[in-house]
Amino acid sequence: MGDKRSSTNTLSVEPPNSAPKEDYDRDPDEGLSEEERALKLCILYLLAFLDRANIGNAKVAGLAHDLHLTTAEFNATLTVFFVSYSVFEPLTNVLLKRLRPSVFIPLIMVVWGLVMTFMGFVHNWSGLMAARWFLGLAEAGLFPGINYYLSCWYKRSEFGIRAALFFSAAAISGSFGGLLAAAIEQMDGVGGKRGWAWIFILEGLLTVVFGVASFWFVYDFPNEAKFLSPDDRARVIRRLKADKQSSAHSESFSWACLWSALVDWKMWLGMAIYMGTTVPLYAFSIFLPSIIRDLGWGTTVVQTQLYSVPPYVVAALLTIVVGWLSDRTRTRGIYNVVSSLLGAAGFVMLLATRNPGVQYAGTFLGAMGIYPCISNTITWMANNIEGVYRRGIVLGFVIGWGNLNGVVSSNIYFSPPRYLEGHGVVLGFLLIFLSGGSLLMTILLRMENRRRRLGQRDCWVEGKTAEEISKMGDRRPDFIYTT
């Protein structure tokens, strides 16, 4: 984030009279276990990603064979999820703000858990397509919603590790999903249902249970959080204002928020960077079981599920490390560049050799290069977009566009056992969009920060009142971008 220039026009952030000055540097979650809050949010996303990607485990457990699916038909069931998921994502952050997190998040969890449960009862391609469409629709609000929610609670230098802990649940769900699928597969034939059907049914019911429970443990935004006293709510808001998040207080929606987001170059470049992460992410998470099965080791279904666990474990650990380091150094872009090059090396290994051991090692590097960049990119965008609704809209567009590219992921792995086209496309996205885009964003933001430090943007606030300056968000000359 760098240092911030002082300005005579900066909005005053004097502390409320009701609380001692020394209390304003306290953590906003005072009175609530931070580990407990992080764990609960991680569990929600773990379940979401588990329900989204378990179709890959179901495939190796016989789904495609039993429903007589061709490769094109199976890929279409993957594609339709991302269409509904991405189309509705930009709208969900506005709904989250209007309905409140304590209502919106539990509600969509219950709905997608029920959809996943009923996926275990489909008998043909049409039924599976319909279920996947509604699954994408129901899940659309969780990932952008929780990242938006977290960005409204924490300072910019605190958000990276929280987002990393949250998204590490996606990697954990990959390892947990493999273990769970291996166990559930043993129920093959119980109640006349195949093992893949039980994967959908039991994992869906698990989501419903947690969705109902989350009505009691998901909290609202800082200015509405009932578990905080009025003094503590004032402290939270003051901390965010001091971090140049002067829109931390309640804000009304206006169409100007949408227009301001649409003309912001950072949103469009962020969309390009994020699709450089999501195409590799979804390709990896959905097709890893198939890649491992086709290595030529002669593994059983259960062994395939178990071999898919270690790459996710390593990816989860690195995601947390990158989140912590990026917060400490207050930089984001360089971690995207380095991680993407690590992932690119992994996919080069998958492309360049037929040796199963080398290819399996490549899956580790691939996972390590993909997963840290998801949370790091979202944190980077949230750090640099100010205004409650504006940030929500930008995150909705960035994440929605990135997830729409899951359509690409769903249709590039179609030539086993080498999957050369799929690996090649993923490699291209990592190098061009993720690495190249992150490098470009870093350069442009540093150039803008230099102009602001030299006072070349001070003319933007001439003649404006403190309230008008506050509403400028990240266009305030004293707002220094995180690079």
Side-chain angles (χ1 to χ4, degrees), residues 47-92 108-143 173 177 181 184-185 188 192-208 211 278-279 281-290 399-416 419 421-422 425:
L47 292 170
F49 211 86
L50 186 67
D51 290 342
R52 182 185 317 173
N54 62 10
I55 192 168
N57 299 110
K59 180 186 179 184
V60 299
L63 168 69
H65 178 269
D66 291 347
L67 298 188
H68 309 291
L69 304 180
T70 64
T71 298
E73 288 175 332
F74 178 77
N75 288 348
T77 66
L78 306 180
T79 300
V80 73
F81 170 90
F82 292 107
V83 173
S84 60
Y85 186 84
S86 58
V87 165
F88 289 98
E89 248 178 344
L91 307 175
T92 56
I108 63 174
M109 282 194 69
V110 172
V111 172
W112 95 60
L114 290 173
V115 172
M116 174 57 58
T117 301
F118 290 122
M119 271 180 62
F121 297 91
V122 300
H123 297 289
N124 53 43
W125 178 67
S126 298
L128 186 60
M129 285 283 287
R132 292 284 294 178
W133 166 270
F134 285 107
L135 183 66
L137 175 61
E139 281 196 27
L142 187 72
F143 186 67
S173 76
I184 296 176
E185 170 64 18
D188 189 35
K193 291 289 181 184
R194 291 296 310 275
W196 61 263
W198 282 114
I199 290 174
F200 292 147
I201 293 169
L202 294 182
E203 292 182 4
L205 289 175
L206 181 64
T207 299
V208 171
T278 51
V279 169
L281 171 71
Y282 292 125
F284 188 88
S285 61
I286 292 172
F287 290 100
L288 181 62
S290 297
I399 296 173
W401 171 249
N403 287 322
L404 181 59
N405 279 269
V407 172
V408 177
S409 308
S410 304
N411 293 281
I412 56 177
Y413 279 82
F414 50 80
S415 57
Y419 299 106
E421 299 90 346
V425 171

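What you are looking at is a predicted structure, and each value in this text was computed from that prediction instead of being measured.
- Taking all atoms of both residues into account, the shortest heavy-atom contact from Ser84 to Phe88 is O-CD1, 3.1 Å.
- Across Trp133 and Val80, no two heavy atoms sit closer than the pair CE3-CG2, 3.7 Å.
- Between Gly195 and Asp188 the shortest heavy-atom distance is N-OD1, 2.9 Å.
- Minimum interatomic distance between Met119 and Ala131 (heavy atoms only, all atoms of both residues): CG-CB, 3.2 Å.
- Summarising the geometry of Ala181 relative to Ile199, their closest heavy-atom pair is CB-CD1, 3.9 Å, with the distance given to 0.1 Å.
- At distances below 3.5 Å, at least one donor-acceptor pair connects side-chain atoms of Arg132 with backbone N or O atoms of Arg52.
- Here the closest non-hydrogen pair linking Glu185 and Ala61 is OE1-CB, 3.2 Å.
- Trp196 and Phe200 have perpendicular rings, their planes meeting at more than 60° on a 0 to 90° scale where under 30° would count as parallel.
- Taking CG of Asp51 as the start and CD of Glu139 as the end, the distance is 6.0 Å to the nearest 0.5 Å.
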Derivation of the side-chain contact (heavy atoms from CB on, under 4.5 Å) call for His68 and Trp125: CA-CA 8 Å; His68 309 291; Trp125 178 67; over 6 Å; no
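- Between the side chains of Asn75 and Tyr413, no donor-acceptor pair of N or O atoms lies under 3.5 Å.
- To the nearest 0.5 Å, the span separating CG on Asn403 from CD on Glu89 amounts to 4.5 Å.
- To the nearest 0.5 Å, atoms OG1 (Thr92) and CD1 (Ile399) are separated by 8.0 Å.
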Intermediate values then yes/no, side-chain contact (heavy atoms from CB on, under 4.5 Å), Leu63 and Leu128: CA-CA 10 Å; Leu63 168 69; Leu128 186 60; 4.2 Å; yes
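- Counting heavy atoms from C-beta on, the side chains of Phe81 and Ser410 never come closer than 4.5 Å.
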Derivation of the side-chain contact (heavy atoms from CB on, under 4.5 Å) call for Leu114 and Val110: CA-CA 6 Å; Leu114 290 173; Val110 172; 4.2 Å; yes
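- To the nearest 0.5 Å, atoms CG (Asn57) and CD1 (Ile184) are separated by 9.5 Å.
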Pair Asn54-Met116, side-chain contact (heavy atoms from CB on, under 4.5 Å): steps then yes or no: CA-CA 10 Å; Asn54 62 10; Met116 174 57 58; 3.7 Å; yes
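- Side-chain contact check for Lys59 versus Pro289: every heavy-atom pair is 4.5 Å or farther apart.
- Shown here are the side chain to side chain donor-acceptor pair (under 3.5 Å) partners of Thr79, two or more places apart in sequence or in another chain: Asn411.
- When ring centroids are compared, Tyr282 and Phe82 come within the 6.0 Å threshold.
- When the shell of 6.0 Å around CZ of Phe74 is examined, it contains more than 12 heavy atoms from other residues, nucleotides or ligands.
- Remark: Ser285 OG to Ile55 CD1 distance equals 11.5 Å, nearest 0.5 Å.
- In this structure, the side chain of Thr207 does not engage the main chain of Gly113 through any donor-acceptor pair within 3.5 Å.
- Remark: Met129 CE to Leu69 CG distance equals 10.5 Å, nearest 0.5 Å.
- For Leu404, the side-chain contact (heavy atoms from CB on, under 4.5 Å) partners two or more places apart in sequence, or in a different chain, are Ser86, Trp401, Val407.
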